[in-house]
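To start, the structure itself, in structure tokens.
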Amino acid sequence: MEGVGCPKEGQKAKKRRALAILEALKAAYPGAKTELKHNSPFQLLVATVLSAQATDKSVNEATPALFARFPDAKALAEARPEEVEPYIRRIGLYRTKARNLVALAKRLVEAHGGEVPRDKRALMALPGVGWKTATVVLGAAFGVPGIAVDTHVARLAQRLCLSEAKSPEKIGADLERLFPKEDWVFAHHALVLHGRYVCTARKPRCPACPLAPHCPSRREG
DNA sequence: ATCCCGAGGG
DNA sequence: CCCTCTGGAT
């Protein structure tokens, strides 16, 4: 599938193909945005941290009760990790995430007035927040342009032969070179949705894929 | 490279 | 059973 290597293609043709893919994504996923439930940048940050190696569905089943008990950074900062664990146990990686979230909330209160900083380095300095989570929160909460690369975006970039890089940061840089800046945040969300529902890891639904005409890895069935 | 980790799909 | 899920820290 994606391991067979991409056909040789000039940069110009590749960029044209990327723009065709972008148009198809706009048609298929108009107004694509995060599916994580949240009512504030803080809640989006928490939900995004929880979403690491977990499904959005499982996160959305846990966060309503979690946010009812700990609605903001101040409330979460005063909790102990063991108090948080029961709310997120079913998500997986729950001990690490509970510990990170409490430490994260403390740092928000102590260093950022309880608010989510709009700065990538400040976000990445928070426990449990790496490049991907920081890029997602900046884009979804504050409209800062950027293409975060998660498992879905990485897989699709490879299958679509839009990047042959391996690290998320390099894949993101490749995609940002191919798409107009004003479409970066949309492209991220649309690629995630497409990866989740159509171009799945195990059994991609190529016959139903609107990107198939532009995809070197497409298969019949 | 390895660990963290539960739940759902195939 | 094995693989995957909007990764991050060590």
Side-chain angles (χ1 to χ4, degrees), chain A residues 1-3 25 29 32-38 41 43-63 65-66 81-82 84-107 116 120-142 144-160 162-163 165-172 175-176 184-206 219 221:
Chain A
M1 168 116 28
E2 63 270 20
L25 287 172
Y29 308 99
K33 57 178 174 45
T34 181
E35 293 189 328
L36 292 170
K37 295 179 186 173
H38 65 283
Q43 293 187 358
L44 175 66
L45 174 59
V46 171
T48 307
V49 168
L50 288 173
S51 74
Q53 294 296 287
T55 59
D56 268 24
K57 185 166 177 294
S58 69
V59 173
N60 284 332
E61 286 170 3
T63 48
L66 178 69
E82 305 83 64
V84 176
E85 286 179 6
Y87 293 92
I88 66 174
R89 185 161 289 139
R90 295 162 48 81
I91 296 175
L93 306 178
Y94 62 92
R95 280 187 289 237
T96 302
K97 287 175 178 177
R99 182 166 15 93
N100 283 339
L101 287 178
V102 172
L104 175 154
K106 286 184 193 298
R107 186 166 182 128
V116 177
K120 185 170 283 192
R121 284 194 309 256
L123 281 166
M124 290 179 65
L126 299 169
V129 179
W131 178 83
K132 177 260 170 180
T133 296
T135 307
V136 167
V137 170
L138 284 176
F142 303 126
V144 177
I147 300 185
V149 177
D150 71 322
T151 181
H152 295 301
V153 176
R155 184 178 65 250
L156 269 63
Q158 290 181 4
R159 286 181 178 172
L160 290 165
L162 294 179
S163 175
K166 295 178 180 177
S167 82
E169 291 88 342
K170 286 182 180 176
I171 294 170
L175 295 178
E176 291 181 352
W184 286 355
V185 172
F186 165 80
H188 162 76
H189 291 299
L191 287 170
V192 170
L193 291 178
H194 192 62
R196 185 175 299 161
Y197 299 117
V198 180
C199 192
T200 53
R202 286 272 191 97
K203 186 185 164 196
R205 307 164 75 184
C206 300
R219 286 193 173 174

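First the proteins, then the strands, lettered A, B, ... as listed; each starts at 1. For clarity, every value in this text was computed on a predicted model and none was experimentally measured.
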Minimum-distance nucleotide (side-chain atoms of A:R202 versus C:dT4, B:dG6, C:dT6) = C:dT4

Looking at every strand, decide which applies to A:L104 at a 4.0 Å heavy-atom threshold: base, sugar-phosphate, or nothing.
-> nothing

Touch class at under 4.0 angstrom, heavy-atom based, for A:V49 against every strand present = nothing

Which whole number of Å gives the distance between the P atom of B:dG10 and that of C:dT6?
-> 14 Å

Salt bridge or not for A:E35 and A:K57, using N-O below 4.0 Å?
-> no

Distance, P atom - from C:dG8 to B:dG8, rounded to whole angstrom = 24 Å

Considering only heavy side-chain atoms of A:T133, the closest of B:dG6, C:dG8, C:dC2 is C:dG8

Just by modelled atom types, is the A:T55 backbone N or O under 3.5 Å from a matching donor or acceptor in the A:S58 side chain?
-> yes

Counting any heavy atom closer than 4.0 Å, what does A:T34 reach on the DNA or RNA strands: base, sugar-phosphate only, or nothing?
-> base

Using a cut-off of less than 4.0 Å, is there contact between a side-chain N or O of A:R95 and OP1 or OP2 of B:dC3?
-> no

Starting from the C-alpha separation in whole Å, work towards a yes-or-no answer on side-chain contact (heavy atoms from CB on, under 4.5 Å) for A:L44 and A:V116.
-> CA-CA 10 Å; A:L44 175 66; A:V116 177; over 6 Å; no

Span that lies between the C1' atom of C:dC2 and that of B:dC5, in whole angstrom | 16 Å

Are A:T151 and C:dC5 close enough that a side-chain N or O sits under 4.0 Å from OP1 or OP2?
-> yes

